[in-house]
Amino acid sequence: MTEPSKQPIHGVPEHQPVAGGIAARARAAAGGPQYLSGLNPEQREAVETLDGPVLVLAGAGTGKTRVLTTRIAHILSQGRARPPEILSVTFTNKAAREMKLRLGQMLGQAVEGMPWLGTFHSIGGRILRVHAELVQLKSNFTVLDVDDQVRLLKQLLQAEGIDDKRWPARMMAGLIDGWKNRGLMPSQVPAGEAASFGNGKGGKIYATYQERLKILNAADFGDLLLENIRLFRENPDVLRGYQNRFKFILVDEYQDTNVAQYLWLRLLSQAPSRPGLPLSAVIPGRLEEANPESRDQEGSSRESGLAPDSAPRNDGSPQPPTRNICCVGDDDQSIYGWRGAEVDNILRFEHDFPGAKVIRLERNYRSTGHILAAASHLIAHNEGRLGKTLRTEDVDGEKVTVTGSWDSEEEARAIGEEIEELQRAGENLNDVAILVRASFQMREFEDRFVTLGLSYRVIGGPRFYERAEIRDALAYLRTINSPADDLAFERIVNVPKRGLGDATVQMLHDHARKRRIPLFEAARAVVETDELKPKARGSLRDLVMQFDRWRAQSEVTSHTELAEIVLDESGYTEMWQKDRSADAAGRLENLKELVRSMEEFENLQGFLEHISLVMDRDGDAGDEAVSLMTLHSAKGLEFDNVFLPGWEEGLFPSQRTLDEQGRAGLEEERRLAHVGLTRARRRAKIYFATNRRIHGTWSTTIPSRFLDELPAHNVEITESKGGSGWGGSGGYGASRFDNLESFGSSYSTPGWQRAQANRRGGQNRGGSGFEERQSSFSGSRSGTSGGFGQARRGPMVIEGELVAKSTGTVSEFSLDDRVFHQKFGYGHVVRIDGNKLTIAFEKAGEKKVVDSFVERA
DNA sequence: GGTGGAGCACTTTTT
DNA sequence: GTGCTCCACC
């Protein structure tokens with residue numbers, strides 16, 4: 001994390017990173033500070049506009065990180081603030097690390113003094129620890145991961161007598177997470193939503209869960225922000241302290257912020273309010289003024305229900321002035337809507353921060369002309385965007401290629417071959433990436449690469465600290481550090497096996513609840529009694545004694561040594577050594593890695609505080625290897641050669657997203673496609689397969705509609721291997737990719753031309769949408785849908801306009817035709833709108849349906 | 001209390 | 001096809 005300083009551009013006095021030193025040198029350079037040279041005019045403006053709110057719309061590859069880091073350097077060198085007075089938040093640890101690294105290169109040692117550069121969660125957690133007692137926690141509180149969360153919820157559900165088959169704990173965890181993302185405390189959850197779980201008990205569970213967290217001295221991920229917001233709201237003086245401290249706020253990836261993050265930023269970015277001013281005035285209401293048109297999803301659960309106590313803005317009292325907040329983002333790269341991110345935040349920035357200056361960075365320094373044109377054309381199909389026109393001064397380069405193959409195996413084979421070819425041509429494998437939509441796609445590539453002997457690395461995947469052995473080890477350390485951490489104790493009480501099974505644990509629970517003491521203390525008490533069988537009793541006594549000993553040792557031994565001792569004496573290491581399964585060796589290796597990583601921290605406490613937040617595996621960029629990752633984790637990266645497999649309806653755009661988010665989901669998928677394309681510097685290669693295995697069974701798929709949205713001029717259709725055989729069946733209608741042979745290099749198929757014509761005149765918003773989509777398809781969704789059903793389901797979820805765009809077909813039905821529908825039965829056509837039919841059913845009444853769902857009767 | 005087999009659900013994306 | 005959970009048996 002701490003980067004040994006590379007060649008500092010400006011020699012900064014080693015210890016005290018005071019601005020004066022930099023500034024003096026910087027100003028000495030003729031023609032302005034050296035760090036500003038090489039910036040284009042827009043970038044320079046973004047760096048130099050220090051006062052007031054600034055939104056930098058930075059398209060892909062336009063030098064976003066450079067602007068952020070240079071801006072910090074500029075603030076420091078101008079003497080406008082000292083490092084601890086700058087709050088700089090990112091989303092990922094990777095991004096934070098990258099910024100620290102670059103700042104280090106720019107300023108030398110000064111990074112050491114940037115204590116407030118980090119992720120939302122780590123900074124939130126840090127603030128929370130300082131004021132823990134104000135939110136009913138102790139400063140050494142534990143951060144729970146999803147697994148702990150679910151286990152705790154399972155207990156609570158059981159206590160409430162809720163059947164966890166029907167209402168899984170995982171689902172409840174998801175709900176709570178969603179509420180927290182939206183800044184909702186238990187009392188603020190809309191009644192309807194609270195009741196939607198567990199026969200109306202959802203809200204109660206949430207409240208109990210929060211209470212339990214306090215008892216366990218624990219916070220979950222969402223709490224790191226939500227409790228922070230509560231802290232600020234309930235303690236105006238604390239808030240003021242931070243408002244005064246942070247003279248500048250910088251936010252990376254603003255398009256990914258959720259409501260909670262927005263509120264948090266909002267609180268911090270106001271000028272300190274006058275004493276006595278009700279704090280609620282500081283938080284502008286957003287719900288009240290939300291633009292209903294911007295959300296065409298009826299009943300959208302993403303509707304941000306804001307805290308009721310947030311007063312509407314402009315209630316007469318003057319708006320407190322906004323501080324120097326600079327948000328950098330790209331609405332076209334917002335791909336975390338499903339996790340509660342509100343694209344709205346960036347779309348409404350000027351509204352939220354009056355007087356904001358908006359700067360667009362549109363010059364792309366990454367991709368060649370064809371790639372950029374393809375990406376831009378694709379993303380132009382989205383409606384809810386601020387609009388940027390990326391341009392490049394680079395050469396056109398190679399066209400984007402689209403290749404169809406018979407099935408996913410062939411797709412992997414073809415990509416493998418192409419990569420080998422690139423390799424022979426002298427390309428470095430580190431400059432090659434395969435970006436997939438969903439992680440299950442990776443397997444096929446891994447299999448293929450293993451046979452080819454092609455080295456690859458998977459980026460993302462299960463986080464290091466999510467592995468069972470790591471969590472077990474951490475649970476031991478947590479129990480030592482915090483005897484109240486029941487979840488940790490429970491996790492390892494019988495790992496390795498000690499003959500302390502469910503019955504014993506249940507007993508401990510009863511005991512603990514009755515006497516209102518932690519599990520561990522209950523264990524200590526129980527061994528003194530004869531409530532347990534001698535065997536269990538002895539084994540539990542040993543465990544309690546061991547922990548006592550370890551705790552004593554933790555006072556005198558270094559935390560790394562302690563960890564080794566604990567893992568050894570507990571028998572945990574031995575357990576894996578005896579394990580004969582294939583991955584046992586890897587697990588032992590991971591444990592060693594864990595101990596090694598502890599050295600970076602001063603003590604056990606410090607280590608535990610950070611582990612759950614900052615511990616992500618740095619993709620050991622050792623040898624040359626192809627990178628394999630999801631599109632999501634590719635954001636922010638770039639490669640010379642990018643392979644984009646799996647562009648098929650249902651997979652990409654993902655059916656699930658379409659089902660759940662409708663049109664907004666489609667736009668998000670399209671942004672994902674845009675992110676994928678813009679990762680490429682020189683070559684972008686798209687693939688689709690006609691047959692893909694889903695849940696172990698093969699099903700036929702249809703080329704993605706996104707292929708139809710690529711500009712002909714910048715795309716080359718390459719030879720498909722494995723011949724033809726896919727027909728435009730499945731009720732989807734013709735796509736220009738149905739027949740590659742005839743398609744050739746000219747975009748002359750009827751389907752393409754129709755699509756074009758459709759697009760030109762295509763501003764007819766299907767305003768009413770498809771009321772029927774729920775009812776007509778819910779039937780086919782249940783059960784194991786065959787391949788046909790899968791494919792059919794694809795396009796129709798989307799509003800009529802889009803279906804029409806892709807198929808371009810004029811309905812084969814005419815008015816008054818008598819038709820039959822699987823679900824609604826017989827009826828006759830009363831209206832035709834492209835391929836949308838309005839049909840008066842004899843039983844079901846008037847409905848709108850897509851023509852492919854009815855047949856002539 | 002521990003182990004192994006059978007049946008099940010599942011496939012986005014993650015700080 | 002796989003990985004997980006649950007249940008029955010040892």
Side-chain angles (χ1 to χ4, degrees), chain A residues 89-96 118-125 143-146 149 154 164-165 168-170 173-174 177-178 180-181 219-226 252-253 256-258 260-261 334-341 408 435-444 447 459-463 465-466 468 494-506 532-533 535-536 539 581 583 612-616 629-635 646 650-661 665 668-669 671-672 675-676 692-698 782-785 790:
Chain A
V89 280
T90 63
F91 259 83
T92 62
N93 294 304
K94 199 169 67 184
T119 63
F120 275 100
H121 291 88
S122 64
I123 290 176
V143 178
L144 298 188
D145 56 39
V146 191
Q149 219 178 329
K154 225 174 218 161
D164 76 341
K165 278 261 167 60
R170 205 154 266 292
D177 196 50
K180 288 185 174 177
N181 283 157
D220 64 17
F221 260 90
D223 279 347
L224 296 180
L225 280 163
L226 189 57
D252 191 16
E253 308 276 19
D256 286 337
T257 51
N258 60 36
Q261 285 153 344
S334 163
I335 53 176
Y336 285 105
W338 53 275
R339 232 181 69 199
S408 42
L435 311 183
V436 296
R437 176 63 183 87
S439 45
F440 72 80
Q441 291 172 261
M442 290 185 187
R443 189 192 199 98
E444 228 138 4
D447 288 351
I459 315 257
R463 299 246 159 300
Y465 64 83
E466 279 171 9
N494 201 27
V495 180
K497 303 261 184 275
R498 305 190 168 86
L500 302 171
D502 287 347
T504 313
V505 171
Q506 195 50 52
L532 285 173
K533 290 195 188 115
K535 211 170 149 198
S539 152
S581 59
D583 51 357
S612 48
L613 296 176
V614 246
M615 190 80 182
D616 57 356
M629 69 188 97
T630 64
L631 285 161
H632 281 87
S633 40
K635 194 167 73 160
L651 178 59
F652 191 36
S654 142
Q655 189 55 48
R656 184 157 160 188
T657 305
L658 262 35
D659 284 346
E660 286 167 10
Q661 319 262 9
E668 183 153 313
E669 294 285 303
R671 290 194 289 269
L672 206 43
V675 166
R692 191 169 290 275
R693 199 164 33 199
I694 302 173
H695 310 335
T697 45
W698 287 97
S782 59
T784 41
S785 43
Q790 286 274 3

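Given the structure is predicted, the values throughout are model-derived calculations rather than measurements. Below, read A as the first sequence line, B as the second, and so on, with proteins coming before strands; counting in each chain starts at 1. Note that these values count all heavy atoms, side chains included, but never hydrogens, waters or copies made by symmetry.
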> Closest to the A:Thr630 side chain: B:dG1, B:dG2, B:dT14?
Replying inline: B:dT14

>> The side chain of A:Phe440 is closest to which nucleotide in this list: B:dT15, B:dG2, B:dT11?
In response: B:dT11

> Can you check whether A:Asn93 has a side-chain N or O nearer than 4.0 Å to OP1 or OP2 of B:dT14?
Replying inline: no

> Rounded to the nearest Å, what distance is computed from the CD atom of residue A:Glu660 to the P atom of nucleotide B:dT11?
Replying inline: 11 Å

> When the distance from OH of A:Tyr336 to P of B:dT15 is rounded to whole Å, what number comes out?
Replying inline: 7 Å

> What nucleic acid atoms does A:Phe120 come within less than 4.0 Å of, heavy atoms only: base, sugar-phosphate, or nothing?
Replying inline: nothing

>> Could you tell me how far apart A:Leu672 (CG) and B:dT14 (C1') are, to the nearest whole angstrom?
In response: 13 Å

>> Please evaluate residues A:Val89 and A:Gln261 with respect to the criterion side-chain contact (heavy atoms from CB on, under 4.5 Å), reporting the C-alpha separation (whole Å), side-chain torsions for both, the decisive distance (0.1 Å), and the verdict.
In response: CA-CA 10 Å; A:Val89 280; A:Gln261 285 153 344; over 6 Å; no

>> For B:dT15, is there a stacking contact with A:Phe221, counting only centres under 5.5 Å and planes under 30°?
In response: yes

> Just how far, in rounded Å, is P of B:dC8 from CZ of A:Arg170?
Replying inline: 21 Å

> Reckon A:Ala536 touches a base, only the sugar-phosphate, or nothing at all at heavy-atom distances under 4.0 Å?
Replying inline: nothing

> Quick one: A:Asn181 CG to B:dT15 P, roughly how many Å, whole number?
Replying inline: 13 Å

> A:Ala503: what forms a side chain to side chain contact (heavy atoms under 4.5 Å, CB included) with it, not counting sequence neighbours?
Replying inline: none

> Which part of the nucleic acid, if any, lies within contact of A:Phe91, taking any heavy atom under 4.0 Å across all strands shown: a base, the sugar-phosphate backbone alone, or nothing?
Replying inline: sugar-phosphate

> Roughly how many Å is it from CD1 in A:Ile335 to C1' in B:dT15, rounded to a whole number?
Replying inline: 13 Å

> Between A:His632 and A:Tyr336, how do the two ring planes meet: parallel, tilted or perpendicular, split at 30° and 60°?
Replying inline: tilted

> When all nucleic acid strands are considered with a 4.0 Å heavy-atom cut-off, which category describes A:Thr504: base, sugar-phosphate, or nothing?
Replying inline: sugar-phosphate

> Heavy atoms under 4.0 Å, any strand shown: does A:Asn494 hit a base, just sugar-phosphate, or nothing?
Replying inline: sugar-phosphate

> How do A:Gly499 and A:Thr90 order along DNA chain B: which one's closest nucleotide is nearer the 5' end?
Replying inline: A:Gly499

>> Using 0.5 Å steps for rounding, measure from the NZ atom of A:Lys94 to the OG1 atom of A:Thr119.
In response: 14.0 Å

>> Restricting to side chain to side chain contact (heavy atoms under 4.5 Å, CB included), what partner residues turn up for A:Leu226, sequence neighbours left out?
In response: A:Lys180, A:Met185, A:Tyr206

>> Between A:Gly501 and A:Ser633, which residue's closest nucleotide on DNA chain B lies nearer the 5′ terminus?
In response: A:Gly501

> In terms of side-chain heavy atoms of A:Lys497, which of B:dG2, B:dT15, B:dT14 is nearest?
Replying inline: B:dG2

> How close or far is atom C1' of C:dC7 from atom CG of A:Asp502, stated in whole angstroms?
Replying inline: 13 Å

> Rounding to a whole Å, what distance do you find between A:Asp223:CG and B:dT15:P?
Replying inline: 18 Å

